[in-house]
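To start, the structure itself, in structure tokens.
Whatever order the structure lists them in is the order used to number ligands and atoms, beginning at 1. Bear in mind the structure is a predicted one, so any value in this text is a computation, not a measurement.
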Amino acid sequence: MQNESIFQYALIFCRTARLHRRRAGLALAKIHRMANADLYQPRPEHKFSFGLWTVANRGRDPFGDCVRPVLPPVEAVKLLGEAGAWGVNLHDNDLVPMDSPPAERDRIVKAFQAACRDHGIVVPMATVSLFYHPVFRDGAFTANDPEVRAYALQKTMQAMDLGAELGARIFVLWGGREGVETDACRRADEAVKRLREAVNYLCAYNLDKKYGFRFALEAKPNEPRGDIYMATTGHYLGFIPTLDHPEMVGVNPEFAHETMAGLNFMHGVAQAWEAGKLFHIDLNDQMPGRFDQDLRFGSANLKAAFWLVKFLEDAGYDGPRHFDAHAYRTEDYEGVKDFARGCMRSYLVLKAKAERWNADRDIQAILAELAAAPPSLPATGAYSATGAAALLRHRFDKDAMLKRRLPYERLDQLTFDLLAGIR
Ligand code: GLT
Ligand code: MN
Ligand code: MN
């Protein structure tokens with residue numbers, strides 16, 4: 001009898017405990033969800049920005065017309081405010097139509113500034129369209145026609161005036177038309193010289209006007225030209241030290257552009273960062289071997305996006321995280337908002353994953369093992385005659401070196417498990 005009641009008591013206890021455990025579990029899951037929701041919520045300190053041309057993209061492609069109606073700039077700012085972005089960037093003509101009379105220009109700028117204030121949006125970067133108007137059919141700064149080259153400078157100076165008025169401190173130059181279909185048209189080194197002359201001129205204007213801009217040069221291998229001269233970020237990193245004011249000029253690497261060239265985007269970004277030249281970044285996605293897709297960040301190459309976010313966060317990059325992408329052509333403007341939210345959310349999810357990766361004991365144990373060096377190894381950091389003599393004397397045990405593990409398969413699988421959410 002006594003045993004029976006003990007048994008019953010134990011049963012009730014167990015049930016209650018299970019109930020409590022379930023409740024506790026549910027509460028914990030809720031806390032987790034809330035914490036994560038907060039973790040993935042864009043905030044101003046994340047510096048997420050979008051180009052006016054990205055959210056206002058109307059879905060036109062070379063084979064089909066627009067699918068979305070015009071989204072006026074003030075409406076685009078509203079959309080970005082609602083989506084939780086921090087900044088908006090623009091080309092001169094994204095905001096002010098070409099050849100607008102001054103009074104009209106000023107009215108447009110005022111209305112835009114008011115919209116930015118109302119929706120808590122800043123303008124970190126400005127740029128210039130030197131590709132849309134047919135006059136740039138043979139390029140802008142590198143065009144053969146000296147009048148086109150002069151016009152390109154004038155247009156850029158006016159775009160700098162506009163950017164400065166809006167508070168931008170970064171000025172992007174994307175030479176989309178600076179290229180060829182046939183190399184018969186000019187010597188390629190002549191194009192490099194013309195480009196240098198133009199950037200030098202604009203740096204001098206920047207100093208003259210005390211705008212304090214930092215120029216960020218954006219590379220692309222092709223599209224809309226058959227070949228664009230400055231094909232990769234690496235090309236620009238080689239070009240910048242040849243300028244009159246190299247300290248004023250850096251790069252704006254774009255995920256899609258380097259991927260179109262078949263390159264590892266993060267490697268280019270890392271080199272720019274290491275050289276102190278990562279002034280801006282264009283985040284999006286792209287399948288290699290395709291046309292210029294400008295897909296939502298993280299939507300096509302999850303692992304590449306992860307390594308990139310991990311790199312930026314580990315390095316302490318504190319510039320804008322600019323999304324230069326656009327929504328699928330199948331979307332309406334609600335879908336464009338989903339697209340914008342998705343870019344930022346994916347970045348923040350990957351940022352949280354990078355923190356997990358850095359805190360993961362198994363991953364860190366492998367990294368520690370990889371970094372270990374035998375104590376007898378002569379130092380090779382800086383050259384000295386005695387150091388070099390010690391290195392020349394040293395006997396390397398290649399068999400022992402070969403026996404050291406390089407467990408990259410496991411490291412990569414741990415990364416995969418972590419990204420897949422099972423770790
Ligand atoms: C254009 C291009 C982008 C550039 C923009 C800046 S315009 O949309 O595809 O990569 O960053 O000029
Ligand atoms: Mn871009
Ligand atoms: Mn692009």
Could you give me a count of protein N/O/S atoms that are under 2.8 Å from the Mn ion (ligand 2)?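 Atoms of protein N, O or S type lying less than 2.8 Å from the Mn ion (ligand 2) total 4.
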
Could you report the tightest heavy-atom contact between Leu153 and Ala198, atom names first, then the distance?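 Nearest pair, atom of Leu153 first, then Ala198: CD2-O, 3.9 Å.
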
Would you call the rings of Phe213 and Tyr211 parallel, tilted or perpendicular, where under 30° means parallel and over 60° means perpendicular?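 If you compare the ring of Phe213 with that of Tyr211, the planes turn out perpendicular.
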
Going by the angle between their ring planes, with limits at 30° and 60°, are His46 and Phe48 parallel, tilted or perpendicular?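 Taking Phe48 first and then His46, their aromatic rings sit tilted (interplane angle of 30° to 60°).
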
Decide whether Trp53 and Asp324 meet the rule of one side-chain donor and one side-chain acceptor closer than 3.5 Å. yes

Is it true that Tyr205 and Asp161 share a donor-acceptor pair across their side chains at a distance under 3.5 Å? yes

Identify the protein atoms, limited to N or O, that lie within less than 3.5 Å of an N or O atom of ligand 1, and list each pair with its distance to 0.1 Å.
residue: ligand 1; atom: 8 (O); partner: Trp53; partner atom: NE1; Å: 3.3
residue: ligand 1; atom: 10 (O); partner: Glu218; partner atom: OE2; Å: 2.7
residue: ligand 1; atom: 10 (O); partner: Glu254; partner atom: OE1; Å: 2.8
residue: ligand 1; atom: 10 (O); partner: His257; partner atom: NE2; Å: 3.3
residue: ligand 1; atom: 10 (O); partner: Asp324; partner atom: OD2; Å: 2.9
residue: ligand 1; atom: 11 (O); partner: Glu218; partner atom: OE1; Å: 2.6
residue: ligand 1; atom: 11 (O); partner: Glu218; partner atom: OE2; Å: 2.8
residue: ligand 1; atom: 11 (O); partner: Asp282; partner atom: OD2; Å: 3.0
residue: ligand 1; atom: 11 (O); partner: Asp324; partner atom: OD2; Å: 2.9
residue: ligand 1; atom: 12 (O); partner: His91; partner atom: NE2; Å: 2.7

Using a cut-off of 6.0 Å, state whether more than 12 heavy atoms not belonging to Glu104 lie near its atom CD. yes

Got a sec: does the CD of Glu331 have more than 12 other heavy atoms crowding it under 6.0 Å?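 Count over threshold, so yes.
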
Can the positive tip of Arg214 be found less than 6.0 Å from the middle of the six-membered ring of Phe279, inside 45° of the ring normal?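 Yes, cation above the ring, under 6.0 Å and within 45°.
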
Which of Phe131, Trp174, Tyr151 passes ring pair (Phe, Tyr, Trp, His ring centres under 6.0 Å) with Phe136? Answer is Tyr151

